[in-house]
A.B. asks: 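Sending over a structure as structure tokens; questions will come in a sec.
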Amino acid sequence: NTIEIQRKLGADMIFVLDECTSPLHDYEYTKRAMERTHRWAVRALEHFHKISDGGQALFGIVQGGAYKDLREQSAKFISALDFDGIGIGGSVGRSKDDLYNVLDWTVPLLPEEKPRHLLGIGEIEDIFHAVARGVDLFDCVAPTRMARNGALWVKDSENFRINITNAIYKTDPRPVAEGCGCYTCQNFSRAYLHHLFLAKEILAMRLATIHNLYFLESLMRQIRQAIRDHALIKLAASWGIDLGNLT
């Protein structure tokens, strides 16, 4: 039982089981997967209430692929259940526009008093657009997977990243990102990380991961402050991201 397993793991936030479709699945398959996810959600919630001691928060998951009517149907169904928060999962289409459409269809139908969690999204541009549409939480393998492959987030670089294995960093004495407060940037140079990756030292992946996670957490702190200051559009613009009139 997935709820029993997650309870034993002791996570603060846990999720129901769902069927995650892909952009290759057609409407009918996506609909069946959504309905199966709904049935699982009801069963999981019932069992969670039987065993819960109040120490965990259970999130339901909205499915429906990139189909407007299915997303709306799923958002209403999951929102009507007594979950602590709502996840938005599954296939979000084949492009960023598809992702933003899914959020535009889904988020307005979710309870304002409950946190909204977007599953599997971690690119900088997507985070800004999702936050502007009302998303609160994210999870994604991007920062750690990129780090393992030598891709480090830097604000003023193309696609917000550098590939530390490139030869130009062989003798670069600067930190990964100027002004970054992470352990990696405070103690090691680009040249040293470049050497570690070429030497295939496990420390390379660890130091890169520390930087990318710190970078993302720092970005979220900036976003939270910008929301308090009614300045999210301005902050996004400073990153070269146009939110239009979303906020």
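This is a predicted model, so every value here is computed, not measured.
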A.B. asks: Side-chain contact, heavy-atom cut-off 4.5 Å: L243 with I241?
C.D. replies: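 Side-chain contact under 4.5 Å: yes.
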
A.B. asks: Do V176 and L193 come close enough that some side-chain heavy atom pair is under 4.5 Å?
C.D. replies: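 Side chain of V176 against side chain of L193, heavy atoms only: contact under 4.5 Å found.
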
A.B. asks: Distance from T165 atom OG1 to K170 atom NZ, nearest 0.5 Å?
C.D. replies: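 Going from OG1 on T165 over to NZ on K170, the span is 13.5 Å.
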
A.B. asks: Does the side chain of L119 reach to within under 4.5 Å of the side chain of D139, using non-hydrogen atoms?
C.D. replies: yes

A.B. asks: Check whether any side-chain heavy atom of Y183 lies under 4.5 Å from a side-chain heavy atom of L207, and answer yes or no.
C.D. replies: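 Y183 vs L207: side chains touch.
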
A.B. asks: For R161, I'd like to know if atom CZ has over 12 heavy atoms of other residues, nucleotides or ligands within 6.0 Å.
C.D. replies: yes

A.B. asks: Tell me the ring pair (Phe, Tyr, Trp, His ring centres under 6.0 Å) pairs involving residues 33-53, sequence neighbours left out?
C.D. replies: H38-F77

A.B. asks: Shared ILVMFWY cluster between L232 and L137, side chains joined below 4.5 angstrom?
C.D. replies: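 Yes; L137 is reachable from L232 via cluster members.
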
A.B. asks: Think R221 forms a cation-pi with F215, using NZ or CZ under 6.0 Å from the six-ring centre and within 45 degrees of its axis?
C.D. replies: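 R221 over F215 ring: no.
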
A.B. asks: Side chains of residues 144-160: which donor-acceptor pairs under 3.5 Å do they make with residues two or more places apart or in other chains?
C.D. replies:
residue, atom, partner, partner atom, Å
T144, OG1, V141, O, 3.1
N149, ND2, R145, O, 2.8

A.B. asks: Any side-chain to backbone donor/acceptor pair from H117 onto G85? Under 3.5 Å, distance only.
C.D. replies: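 Not a single qualifying donor-acceptor pair exists.
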
A.B. asks: Using 0.5 Å steps for rounding, measure from the CD1 atom of I127 to the CD1 atom of I223.
C.D. replies: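 Reported to 0.5 Å precision, the distance equals 6.5 Å.
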
A.B. asks: Using a 6.0 Å cut-off, check whether atom CG of N187 has over 12 heavy atoms from anything other than its own residue.
C.D. replies: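 More than 12 heavy atoms, drawn from other residues, nucleotides or ligands, come within 6.0 Å of this atom.
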
A.B. asks: Between CD of Q222 and CD1 of I227, what distance do you get to the nearest 0.5 Å?
C.D. replies: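 Nearest 0.5 Å value for the CD-CD1 distance: 12.0 Å.
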
A.B. asks: Are V135 and L219 linked, directly or through intermediate hydrophobic residues, by side-chain heavy-atom contacts shorter than 4.5 Å (ILVMFWY only)?
C.D. replies: yes

A.B. asks: What do the steps show when you test H194 against D172 for side-chain contact (heavy atoms from CB on, under 4.5 Å), and what is the final call?
C.D. replies: CA-CA 9 Å; H194 173 86; D172 193 333; over 6 Å; no

A.B. asks: How long is the straight-line distance from OG of S52 back to CG of L45, given to the nearest 0.5 Å?
C.D. replies: 10.0 Å

A.B. asks: Quick check for you: to the nearest 0.5 Å, what is the distance between T184 atom OG1 and Y192 atom OH?
C.D. replies: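 T184 atom OG1 to Y192 atom OH measures 11.0 Å (nearest 0.5 Å).
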
A.B. asks: Does the distance from a Lys or Arg side-chain N to an Asp or Glu carboxylate O, for E35 and K31, drop under 4.0 Å?
C.D. replies: yes

A.B. asks: Kindly say whether G134 contributes a backbone atom to a donor-acceptor pair with the side chain of R116 at under 3.5 angstrom?
C.D. replies: yes

A.B. asks: Does any part of the side chain of I61, heavy atoms only, come nearer than 4.5 Å to the side chain of I78, both counted from C-beta?
C.D. replies: no

A.B. asks: Counting N and O atoms only, with roles assigned by atom type, does the side chain of R71 sit under 3.5 Å from a partner on the main chain of V102, one being a donor and the other an acceptor?
C.D. replies: no

A.B. asks: Do F138 and L216 belong together in a cluster built from hydrophobic side chains that touch within less than 4.5 Å?
C.D. replies: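 Per the 4.5 Å side-chain linkage, F138 and L216 are co-clustered.
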
A.B. asks: When the side chains of residues 13-25 are checked against the rest of the protein, which donor-acceptor pairs come out under 3.5 Å, sequence neighbours left out?
C.D. replies:
residue, atom, partner, partner atom, Å
D18, OD2, Q63, NE2, 2.4
E19, OE1, R36, NH1, 2.3
E19, OE2, Y29, OH, 2.5
S22, OG, L24, N, 3.0
H25, ND1, S22, N, 3.0

A.B. asks: If every non-hydrogen atom of L110 is compared with every non-hydrogen atom of A75, which pair is closest and at what distance?
C.D. replies: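 Looking at all heavy atoms of both residues, the shortest contact is CD2-CB, 4.0 Å.
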
A.B. asks: Hey, quick one: are W239 and I233 part of the same hydrophobic cluster, counting side-chain heavy atoms closer than 4.5 Å, chains of contacts allowed?
C.D. replies: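 Yes; tracing contacts between hydrophobic side chains, which count when under 4.5 Å, links both residues.
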
A.B. asks: From I121 CD1 over to K96 NZ, what is the distance, rounded to the nearest 0.5 angstrom?
C.D. replies: 8.0 Å

A.B. asks: For the residue pair S189 and P173, what are the closest heavy atoms and their distance?
C.D. replies: CB-O, 3.5 Å

A.B. asks: Apply side-chain contact (heavy atoms from CB on, under 4.5 Å) to Y67 and M34, showing your working.
C.D. replies: CA-CA 11 Å; Y67 301 101; M34 178 197 72; over 6 Å; no

A.B. asks: Is the closest side-chain donor-acceptor distance between D126 and Y100 under 3.5 Å?
C.D. replies: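 Y100 and D126 do have a side-chain donor-acceptor pair below 3.5 Å.
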
A.B. asks: Would you call D84 and K114 a salt bridge, taking side-chain N to carboxylate O under 4.0 Å as the test?
C.D. replies: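 No, this pair does not count.
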
A.B. asks: Applying side chain to side chain donor-acceptor pair (under 3.5 Å) to R133 and H129, what does each step give before you reach the verdict?
C.D. replies: CA-CA 6 Å; R133 287 168 166 83; H129 277 273; 3.2 Å; yes

A.B. asks: Does the pair K234 and D229 meet the rule for a side-chain contact (heavy atoms from CB on, under 4.5 Å), with working shown?
C.D. replies: CA-CA 10 Å; K234 182 179 179 181; D229 296 340; over 6 Å; no

A.B. asks: So, K68 and E72, do they make that salt bridge, N to O below 4.0 Å?
C.D. replies: yes

A.B. asks: Does P143 offer a backbone N or O that forms a donor-acceptor pair with the side chain of N212 under 3.5 Å?
C.D. replies: yes

A.B. asks: Does the side chain of Q73 pick up a donor-acceptor pair with the side chain of D69 at under 3.5 Å?
C.D. replies: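 Q73 vs D69: no donor-acceptor pair found between side chains.
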
A.B. asks: Side chains of R7 and D53: closer than 4.5 Å at any heavy-atom pair?
C.D. replies: yes

A.B. asks: Checking the side chain of T37 only, and the main-chain atoms of A33 only, is there a donor and an acceptor separated by less than 3.5 Å?
C.D. replies: yes

A.B. asks: Let me see the working for L103 and V92 under side-chain contact (heavy atoms from CB on, under 4.5 Å), right down to the final yes or no.
C.D. replies: CA-CA 9 Å; L103 294 176; V92 289; over 6 Å; no

A.B. asks: With the side chain counted from C-beta on, respond yes when P115 and I86 share a heavy-atom pair under 4.5 Å apart, and no when they do not.
C.D. replies: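 Counting from C-beta outward, P115 and I86 never come under 4.5 Å.
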
A.B. asks: I'd like to check H211 versus C180 (side-chain heavy atoms, cut-off strictly below 4.5 Å). Are they in contact?
C.D. replies: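 In contact.
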
A.B. asks: Any donor and acceptor pair, going by atom type alone, linking the side chain of T209 with main-chain N or O of M205 inside 3.5 Å?
C.D. replies: yes

A.B. asks: Take F59 and F83 through the ring-ring contact (aromatic ring centres under 6.0 Å, His included) test and state the conclusion after the steps.
C.D. replies: CA-CA 6 Å; F59 280 53; F83 286 113; 8.6 Å; no

A.B. asks: With no hydrogens and no angle check, is any side-chain donor or acceptor of N1 less than 3.5 Å from a backbone partner on I3?
C.D. replies: yes

A.B. asks: State plainly whether one hydrophobic cluster holds both I210 and I164, where clusters connect Ile, Leu, Val, Met, Phe, Trp and Tyr through side-chain heavy atoms under 4.5 angstrom apart.
C.D. replies: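 In one cluster: yes.
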
